[in-house]
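Have a look at the structure below before the remarks.
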2 protein chains.
Amino acid sequence: MRLLPHPATEDIELTEVLRALSDPIRLEIVARLAAVGEMTCGDAGDHLGVHKSTASHHYRTLREAGVVCTKQEGRLKYMSLRRDDLDVRFPGLLDSVLAASGALARR
Amino acid sequence: MRLLPHPATEDIELTEVLRALSDPIRLEIVARLAAVGEMTCGDAGDHLGVHKSTASHHYRTLREAGVVCTKQEGRLKYMSLRRDDLDVRFPGLLDSVLAASGALARR
DNA sequence: CCTATAGTTTTATCGTTGTCAAACATTGCG
DNA sequence: CGCAATGTTTGACAACGATAAAACTATAGG
C-alpha cells in the first residue's frame, strides 16, 4: 500500500492545474472522482473511450499537476482528488470548476 | 466604436476558458484587466515581454474563448474581462482564478 | 495625400501534446 | 514457477501552440 510521488502542496502551480483541467477527458476523470471519491485507473478508463495508455498519460498529467493523488494497493492503483491541498492553494477553484462541469459537488 | 465578434455567453466552453487561462502570459493579461478594468492592446503588450504579434495571438485566444471582450475606438482596441458572462456560465470560477493568481479582485 | 500609429495576419520554426500500439513492469494467484 | 491482471513506458505520428519577423490593414493627423 504505497503512495506515488506527488508535488507538495506549495509546489502546485495554478497554470498547471488549469492546463490539466482544460482537457475534456481529464475533466471527466476529475468530475467522476468528485462523484465517487476514489477510483481505480481501470474503472476510470472504462468510461473514457481512449486507449489505456492514453488514459494512463492523463492520470500522470493530473497527478503531476497536483490535481489527483494515487496510491497503490496490490495490483490496483486508486486515484482521488487532492481537494484539501487544492483548496489551500486556490480556494474555491476546484469547487467552481466542478460545479461548472456539471459534477455533483458531493461535499 | 465597433465591437469585435465574440462567442455568445451560452457558447462559452469551460475547457476552452481553462485552457485560455492556463498560459502564464494570458493569465497575466487577465489579472491586469481585473485590476485596471480596461486596457488597450498596446498597454497590455508593454508589460508582457513578447513580440506584439505574439501578444496579439494571446488576445485572440482570450477573446475566442470568451474571456475578454474587445471594442475598437479609433486606432485603439480596448479589452475588458467578460466578468458577468463568465459568472453566469461558471459562477465563481473567474474570481477564484483571480484570487489564486494574486490579482486584486477589485469588485 | 502622405505618413505614422496600432494592431492583425501570414509564414516559418520548434517544442509540446494527445493518441495508439507494442513492449515492459509488477503484483496476485493457482 | 508460470500466468493473468493492471497499469506504465516507449516509440511513432499528427495536430496544436507559442514565438518572432515581415507583410498587411485601418485609422488618425498633418
Side-chain angles (χ1 to χ4, degrees), chain A residues 1-6 13-30 32-33 36 38-80, chain B residues 1-6 13-30 32-33 36 38-80:
Chain A
M1 174 146 39
R2 165 167 64 95
L3 205 69
L4 274 62
H6 301 79
E13 297 268 1
L14 176 59
T15 51
E16 290 186 28
V17 170
L18 293 173
R19 219 194 70 56
L21 297 175
S22 73
D23 180 275
I25 290 192
R26 287 193 293 262
L27 192 55
E28 193 177 329
I29 296 170
V30 167
R32 183 169 293 269
L33 279 176
V36 306
E38 203 177 48
M39 209 169 37
T40 66
C41 294
D43 286 345
D46 289 344
H47 301 274
L48 296 179
V50 293
H51 195 276
K52 63 173 183 170
S53 64
T54 301
S56 184
H57 157 69
H58 288 306
Y59 307 149
R60 182 214 277 250
T61 300
L62 287 170
R63 178 164 42 82
E64 290 181 347
V67 176
V68 306
C69 161
T70 308
K71 66 172 194 288
Q72 180 159 3
E73 284 179 29
R75 283 185 283 202
L76 301 177
K77 291 188 178 173
Y78 289 87
M79 287 184 297
S80 56
Chain B
M1 175 148 36
R2 164 167 65 96
L3 204 69
L4 273 64
H6 301 79
E13 296 269 0
L14 176 59
T15 52
E16 291 185 27
V17 170
L18 294 173
R19 219 193 68 59
L21 297 175
S22 73
D23 180 275
I25 290 192
R26 287 192 293 263
L27 193 55
E28 193 179 330
I29 296 170
V30 167
R32 182 170 294 271
L33 279 177
V36 306
E38 203 177 49
M39 208 168 40
T40 67
C41 293
D43 286 344
D46 290 344
H47 301 274
L48 296 180
V50 294
H51 195 277
K52 63 172 182 169
S53 64
T54 302
S56 185
H57 158 68
H58 288 305
Y59 307 149
R60 181 213 276 251
T61 301
L62 287 170
R63 179 165 41 81
E64 290 181 346
V67 176
V68 306
C69 162
T70 307
K71 65 172 193 287
Q72 179 159 4
E73 285 180 29
R75 282 185 284 201
L76 302 177
K77 290 188 179 172
Y78 289 87
M79 285 185 297
S80 57

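Because only heavy atoms are used, hydrogens play no part in the values below, and waters and symmetry mates are left out as well, while side chains stay in. Chain letters run A, B, ... following the sequence lines, proteins first and then strands; every chain starts at 1.
- Along DNA chain D, the nucleotide nearest to A:Gly42 and the one nearest to B:Asp23 differ in position, and the one closer to the 5' end is contacted by A:Gly42.
- Put simply, the side chain of B:Ser22 gets close to the backbone of B:Arg19: a donor and an acceptor are under 3.5 Å apart.
- A donor-acceptor contact under 3.5 Å is not formed by the side chain of B:Thr54 with the base of D:dA18.
- Following rounding to the nearest Å, B:Leu18 (CG) and D:dG17 (C1') show an atom-to-atom distance of 17 Å.
- Atom CD of A:Glu73 is separated from atom P of C:dG28 by 10 Å (rounded to the nearest Å).
- At least one side-chain nitrogen or oxygen of A:His58 sits closer than 4.0 Å to the OP1 or OP2 atom of C:dT19.
- B:Lys77 contributes no side-chain N or O that forms a donor-acceptor pair with the base of C:dG7 under 3.5 Å.
- Phosphate contact (OP1/OP2 of C:dG7, side-chain N/O of B:Arg63, threshold under 4.0 Å): absent.
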Item to complete: Before giving the answer on side-chain contact (heavy atoms from CB on, under 4.5 Å), spell out for B:Met79 and B:Leu62 the whole-Å C-alpha distance, their side-chain angles and the decisive distance to 0.1 Å.
Response: CA-CA 10 Å; B:Met79 285 185 297; B:Leu62 287 170; 5.6 Å; no

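- Counting any heavy atom pair closer than 4.0 Å across all strands shown, A:Thr40 reaches sugar-phosphate atoms only and no base atom.
- Distance CG (A:Leu48) to C1' (D:dG7): 14 Å, rounded to an integer number of Å.
- Between B:Ser56 and C:dG7 there is no side-chain polar atom (N or O) within less than 4.0 angstrom of OP1 or OP2.
- Of the residues near DNA chain C, A:Lys52 and A:Gly74, the one whose nearest nucleotide (by heavy atom distance) lies more toward the 5' end is A:Lys52.
- One finds no side-chain N or O of B:Arg75 lying less than 4.0 angstrom from the OP1 or OP2 phosphate oxygen of C:dA4.
- For the OP1/OP2 pair of D:dA18 and a distance below 4.0 Å, the side-chain nitrogens and oxygens of B:His57 include at least one atom meeting the criterion.
- Annotation: side chain of A:His6 is not in contact with side chain of A:Val68 (no heavy-atom distance under 4.5 Å).
- Checked against D:dA20, C:dA6, D:dG7, the side chain of B:His51 finds its nearest nucleotide in D:dA20.
- Relative to the side chain of B:Tyr59, the nucleotides C:dT8, D:dG7, C:dC20 differ in distance, and C:dT8 lies closest.
- Counting only heavy atoms from C-beta outward, the side chains of B:His58 and B:Leu48 never approach each other to under 4.5 Å.
- For D:dT10, the OP1/OP2 oxygens have no side-chain nitrogen or oxygen of A:Arg60 closer than 4.0 Å.
- The separation between A:Ile29 atom CD1 and C:dG18 atom P is 11 Å, rounded to whole Å.
- Protein atom CG of B:Leu4 is 17 Å distant from nucleotide atom P of D:dT25, rounded to whole Å.
- Side-chain atoms of B:Thr61 come within 3.5 Å of backbone N or O of B:His57 as a donor-acceptor pair.
- Atom-to-atom, CD of B:Glu16 to P of D:dC16 comes out at 13 Å; the value is rounded to the nearest Å.
- For B:Asp46 and C:dG7, the CG to C1' distance is 13 Å, given to the nearest whole Å.
- Regarding A:Arg19, its CZ atom lies at a distance of 7 Å from the C1' atom of C:dT17, rounded to whole Å.
- A salt bridge links A:Glu38 to A:Lys71: at least one charged side-chain nitrogen sits closer than 4.0 Å to a carboxylate oxygen.
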